[in-house]
Amino acid sequence: MSRDLHDNIGSQLTFIISSIDNLKYRLKDADSVILDKLSSISAFTSTTINELRDTIWAMNKEEISVEDLQTRISNFIERAQSSKDEVQFSFSYKNEGLDNFAFTAIEGVNIYRIIQEAVNNALKYAQAQHINVSLFTRDSATYSVSIQDDGNGFDTLNATLGNGLANMKKRAQDINAKIEISSNQPGGTKVLLES
């Protein structure tokens with residue numbers, strides 16, 4: 001399945017990007033609105049390729065080490081930083097002495113997707129200047145993930161539970177983890193995931 005996703009869908013998405021780049025070259029004198037739209041489609045397709053790679057990464061593993069998850073999170077943070085120069089990102093982790101700690105593939109992908117959703121929410125809605133992601137393990141069987149921003153915050157009691165927040169809660173439930181979303185207006189938002 002993962003090989004089919006990579007070989008078929010991955011190559012088709014790459015072909016789309018190549019075709020769009022070719023169109024942009026041929027239409028270099030076209031209206032800026034058209035060129036902007038083509039650039040937007042190309043960027044969206046590139047994001048889709050990254051999402052596909054993340055899914056394939058999880059599908060190819062029976063378990064995911066702390067180091068593997070840290071690498072995947074670091075790559076995501078780097079991509080987010082390159083797309084938003086005005087936002088300061090940081091990623092910290094502590095796992096001294098826990099070389100044998102591992103997540104199941106389902107745990108790893110759900111933790112990763114919760115981090116993605118929290119960071120994307122901070123970028124889209126919070127107008128945050130700083131976003132910090134922390135991953136730490138307390139012992140060989142428990143972990144905590146914190147995603148904190150200094151953005152606008154929101155009223156957690158009266159907020160409409162959008163798909164993003166609902167998905168994070170469902171993902172936490174699927175891996176028997178606790179998730180707490182706290183926010184202050186102003187003062188930012190913190191998402192804390194704990195096993």
Side-chain angles (χ1 to χ4, degrees), residues 2 5-6 9-10 13 40 43-61 63-93 95 102-137 143-154 156 159-183 188-195:
S2 63
L5 285 171
H6 178 273
I9 297 174
L13 290 170
S40 175
F44 177 79
T45 307
S46 294
T47 300
T48 304
I49 288 174
N50 286 328
E51 293 292 327
L52 178 65
R53 286 181 183 145
D54 290 338
T55 301
I56 291 169
W57 160 74
M59 290 176 70
N60 281 333
K61 304 228 176 233
E63 64 177 30
I64 296 172
S65 69
V66 172
E67 183 179 351
D68 197 12
L69 184 59
Q70 288 169 350
T71 300
R72 198 44 72 160
I73 295 167
S74 290
N75 291 340
F76 169 69
I77 296 292
E78 283 177 22
R79 288 196 308 266
Q81 182 69 75
S82 67
S83 71
K84 291 283 185 179
D85 291 336
E86 67 276 15
V87 180
Q88 292 294 314
F89 291 86
S90 63
F91 174 44
S92 59
Y93 50 87
N95 65 332
F103 303 100
T104 66
I106 292 171
E107 287 173 330
V109 77
N110 278 299
I111 292 166
Y112 180 71
R113 295 294 188 206
I114 288 169
I115 292 168
Q116 278 186 311
E117 184 63 39
V119 169
N120 287 333
N121 284 347
L123 290 174
K124 281 197 274 189
Y125 307 118
Q127 298 178 337
Q129 297 301 304
H130 300 88
I131 299 173
N132 179 59
V133 177
S134 299
L135 169 66
F136 50 98
T137 50
Y143 63 87
S144 295
V145 177
S146 168
I147 307 97
Q148 191 161 7
D149 70 67
D150 64 351
N152 296 335
F154 64 97
T156 56
T160 307
L161 198 63
N163 285 337
L165 295 176
N167 286 344
M168 285 194 288
K169 290 184 176 190
K170 177 72 169 88
R171 286 184 183 280
Q173 183 181 18
D174 288 347
I175 58 174
N176 296 316
K178 296 181 294 182
I179 191 166
E180 180 183 325
I181 301 169
S182 55
S183 190
T189 300
K190 181 177 182 179
V191 176
L192 181 63
L193 179 72
E194 295 184 300
S195 67

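Count residues from 1 along the sequence.
No donor-acceptor pair closer than 3.5 Å links the side chain of D68 to the backbone N or O of I64. With hydrogens and angles ignored, the 3.5 Å screen pairs no side-chain donor or acceptor of T104 with any backbone N or O of E63. Checking side-chain atoms of Q88 against main-chain N and O of N132 turns up no donor-acceptor pair under 3.5 Å. One N or O on the side chain of Q81 and one on the backbone of K84 form a donor-acceptor pair closer than 3.5 Å.
For the atom pair OG of S182 and CD of Q148, the computed distance is 7.5 Å after rounding to the nearest 0.5 Å. With rounding to the nearest 0.5 Å, the separation of CG in L192 from NZ in K178 is 8.5 Å. Here CZ of R171 is found 11.5 Å from CD1 of I115. Values are rounded to the nearest 0.5 Å. Interatomic distance, K169 NZ to E180 CD, rounded to the nearest 0.5 Å: 10.0 Å. Once rounded to the nearest 0.5 Å, the distance linking CD1 of I147 with CG of N120 reads 11.0 Å. The line from CZ of F89 to OG of S82 is 9.0 Å long, rounded to the nearest 0.5 Å.
You'll find the side chain of D149 stays beyond 4.5 Å of the side chain of Y125, heavy atoms only. With a 4.5 Å cut-off on side-chain heavy atoms, Y93 and T137 do not count as touching. Side-chain atoms of I111 and I175, non-hydrogen and from C-beta on, do get closer than 4.5 Å to each other. Two residues are said to be in side-chain contact when any heavy atoms from C-beta on lie closer than 4.5 Å; V133 and I77 meet this criterion. The side-chain heavy atoms of L135 and F91, taken from C-beta on, include a pair separated by under 4.5 Å.
Across every non-hydrogen atom of S92 and S134, the tightest pair is OG-OG, 3.0 Å. Nearest heavy atoms, G164 versus E117: CA-OE2, 3.2 Å. Annotation for Q129 and D150: closest pair N-OD1, 2.8 Å, computed over non-hydrogen atoms. When every heavy atom of R79 is checked against every heavy atom of Y112, the shortest pair comes out as NH2-OH, 3.5 Å. Among all heavy-atom pairs drawn from G108 and L69, the shortest one is O-CD1, 3.9 Å. Of all heavy-atom pairs between M168 and A118, the closest is SD-N, 3.9 Å.
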Q | side-chain contact (heavy atoms from CB on, under 4.5 Å) evaluation trace for R113 with N167 | A | CA-CA 9 Å; R113 295 294 188 206; N167 286 344; over 6 Å; no
Q: Go through the steps to decide whether Y143 and L193 satisfy the test side-chain contact (heavy atoms from CB on, under 4.5 Å), and finish with yes or no.
A: CA-CA 8 Å; Y143 63 87; L193 179 72; 4.2 Å; yes
Q: Start with the C-alpha gap between V87 and L123, add the side-chain angles, then the distance that decides, and say whether side-chain contact (heavy atoms from CB on, under 4.5 Å) holds.
A: CA-CA 8 Å; V87 180; L123 290 174; 4.1 Å; yes
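No more than 12 heavy-atom neighbours from other residues, nucleotides or ligands sit within 6.0 angstrom of CD on Q127.
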